[in-house]
Visitor: 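First the structure, which I've put down as structure tokens, then a few questions once you've had a look.
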Amino acid sequence: MYYPDVRCDRLRESISDFERIEKEKILCGNGAAELFFAVVMAVRPKKALVTAPAFSEYERALGTVGAEVQYYRLKEEQDFRIQEDILEQITEDTDMIFLCNPNNPTGHAVPREQILQIAKRCEETATRLILDECFCDLLDHPEAYSVVPEAEHFPKLFILRAFTKTYAMAGLRLGYGICADRGLLRRLSAGRQPWSISVPAQEAGCAALRDSMY
């Protein structure tokens, strides 16, 4: 019996091939949830922006560091979709923003071009953008929404993905983050619990990424 690989090297290589992104820009976690709690602890934002409604764990994670949470309220008359005025709520005082694409619980997806506009605004204001793409692969045309190919151009962008939904692996707890800010990735690696990703989860992740027919 072996301890899990703390660095998840083989799994990160598989993810790297699958996502067509450098292995060094990938960090694996015990589900995506571990990573957004970890990134909040590493950055320790004082003021953060979340959409309302959104996945409640974002606000819960922000609460662990006492962050002031502001809301971008999705309106029924606009079909609960993000509008361009979200850019006005991202200011130099905004340390972090959580977005889910497609959103949970509304199910609406934000086009890739609009996400890139938000990412550009976050670079201008030094705001960390935590983008949850865990449901993205369930869309009919995920390539029209995912910004993984652009991740290297936006150091403030941290993309979360998971095997939970796409491969029905909720019980094994396996997710990963993609980020061009290697300094942040190093801080996250240094501050997390070792062996948090089990051997079965790592093996299942490698196997799942090879199963393109699924």
Side-chain angles (χ1 to χ4, degrees), residues 29 31-142 144-148 150-151 154 156-162 164-166 170 173 175-179 184 188:
E34 181 196 23
L35 294 176
F36 58 69
F37 273 83
V39 75
V40 164
M41 290 299 294
V43 175
R44 304 190 75 82
K46 292 179 179 164
K47 187 177 290 187
L49 180 66
V50 298
T51 59
F55 186 38
S56 62
E57 294 294 310
Y58 306 149
E59 192 169 351
R60 185 179 167 205
L62 291 165
T64 63
V65 296
E68 176 188 342
V69 178
Q70 298 181 326
Y71 301 96
Y72 177 81
R73 300 193 181 277
L74 304 174
K75 300 174 182 176
E76 184 176 5
E77 60 268 26
Q78 295 171 335
D79 199 25
F80 298 103
R81 295 181 184 276
I82 290 175
Q83 307 297 311
E84 286 193 10
D85 63 356
I86 193 173
L87 299 176
E88 299 169 11
Q89 281 194 243
I90 304 170
T91 70
E92 286 79 4
D93 293 332
T94 312
D95 300 310
M96 182 174 286
I97 174 174
F98 274 93
L99 288 180
C100 188
N101 196 30
N103 189 37
N104 175 14
T106 66
H108 292 313
V110 182
R112 184 169 173 271
E113 292 73 20
Q114 190 175 1
I115 292 291
L116 291 176
Q117 280 186 329
I118 295 170
K120 182 179 178 182
R121 177 61 179 162
C122 287
E123 294 294 325
E124 294 169 350
T125 59
T127 301
R128 186 73 63 179
L129 171 56
I130 313 302
L131 180 62
D132 184 345
E133 287 194 358
C134 289
F135 290 91
C136 196
D137 284 337
L138 301 181
L139 296 169
D140 289 336
H141 301 286
Y145 301 94
S146 176
V147 295
V148 168
E150 303 294 330
F154 297 94
K156 292 294 181 184
L157 174 63
F158 190 91
I159 303 172
L160 291 164
R161 302 200 120 217
T164 304
K165 312 298 186 302
T166 310
R173 308 306 305 146
Y176 56 96
I178 295 171
C179 184
L184 175 63
L188 289 171

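Computed from a prediction, not measured in an experiment: that's the story for all the values here.
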Visitor: Starting at NZ of K47, measure out to CG of D95 and round the result to the nearest 0.5 Å.
Guide: 8.5 Å
Visitor: Please find the pair of heavy atoms, one from C179 and one from F158, that lie closest to each other, and give the distance.
Guide: CB-CD1, 3.6 Å
Visitor: Any side-chain heavy atom of M41 sitting closer than 4.5 Å to one from V65?
Guide: yes
Visitor: Please report the closest heavy-atom contact between A61 and T64, naming both atoms and the distance.
Guide: O-OG1, 2.5 Å
Visitor: If only atom types and distance count, is the side chain of Y72 paired as donor or acceptor with the main-chain N or O of Q83 below 3.5 Å?
Guide: yes
Visitor: Which residue is it: N103, T51, T106? I am looking for the one with a side chain to side chain contact (heavy atoms under 4.5 Å, CB included) to F80.
Guide: T106
Visitor: Which heavy-atom pair separates T91 from E88 by the least distance, and what is that distance?
Guide: CG2-O, 3.7 Å
Visitor: Apply the test side chain to side chain contact (heavy atoms under 4.5 Å, CB included) to residues N101 and I115: give CA-CA distance (whole Å), side-chain angles for both, the deciding distance (0.1 Å), then the verdict.
Guide: CA-CA 9 Å; N101 196 30; I115 292 291; 3.8 Å; yes
Visitor: How about CD on Q78, more than 12 heavy atoms from neighbouring residues, nucleotides or ligands closer than 6.0 Å, or not?
Guide: yes
Visitor: May I ask you to say whether E123 pairs ionically with K120, meaning some side-chain N is under 4.0 Å from a carboxylate O?
Guide: no
Visitor: Give me the atom names and distance for the closest heavy-atom approach of Y71 to A52.
Guide: CD2-CB, 4.0 Å
Visitor: Working to the nearest 0.5 angstrom, can you tell me the gap between C136 SG and L160 CG?
Guide: 12.5 Å
Visitor: Look up atom CG in L157 and atom CZ in R128, then write down how far apart they are to the nearest 0.5 Å.
Guide: 9.0 Å
Visitor: Within this structure, what is the CD-CD1 distance for the pair E150 and I178, rounded to the nearest 0.5 Å?
Guide: 12.5 Å
Visitor: Is there a donor-acceptor contact under 3.5 Å from the side chain of D132 to the main chain of C134?
Guide: yes
Visitor: Does any non-hydrogen side-chain atom of V40 lie less than 4.5 Å from one of I130?
Guide: no
Visitor: Applying side chain to side chain contact (heavy atoms under 4.5 Å, CB included) to L129 and F154, what does each step give before you reach the verdict?
Guide: CA-CA 9 Å; L129 171 56; F154 297 94; over 6 Å; no
Visitor: Any non-hydrogen side-chain atom of L62 less than 4.5 Å from a side-chain atom of F98?
Guide: yes
Visitor: Please check: side-chain N/O of T125 versus main-chain N/O of R121, any donor-acceptor pairing under 3.5 Å?
Guide: yes
Visitor: Does I97 reach the side chain of I86, with side-chain heavy atoms less than 4.5 Å apart?
Guide: yes
Visitor: Please check: side-chain N/O of N104 versus main-chain N/O of F55, any donor-acceptor pairing under 3.5 Å?
Guide: no
Visitor: Can you check whether R173 reaches T164 side chain to side chain, under 4.5 Å on heavy atoms?
Guide: yes
Visitor: Evaluate whether atom CD of E76 has more than 12 neighbouring non-hydrogen atoms of other residues, nucleotides or ligands under 6.0 angstrom away.
Guide: no
Visitor: Quick check: do L188 and L35 have side-chain heavy atoms less than 4.5 Å from each other?
Guide: no
Visitor: Can you tell me how far the CD atom of E34 sits from the OH atom of Y176, to the nearest 0.5 Å?
Guide: 15.5 Å
Visitor: Nearest 0.5 angstrom please: C100 SG to F36 CZ, how far?
Guide: 9.0 Å
Visitor: Check whether any side-chain heavy atom of I118 sits under 4.5 Å from a side-chain heavy atom of L87, and report yes or no.
Guide: yes
Visitor: State, to 0.1 Å, how close Q89 and L49 come at their nearest heavy-atom pair, and which atoms those are.
Guide: NE2-CD1, 3.5 Å
Visitor: So does R161 pair up with E133, basic N to acidic O under 4.0 Å?
Guide: yes
Visitor: For the pair R112 (side chain) and S146 (backbone), establish whether a donor and an acceptor sit closer than 3.5 Å, ignoring hydrogens and angles.
Guide: yes
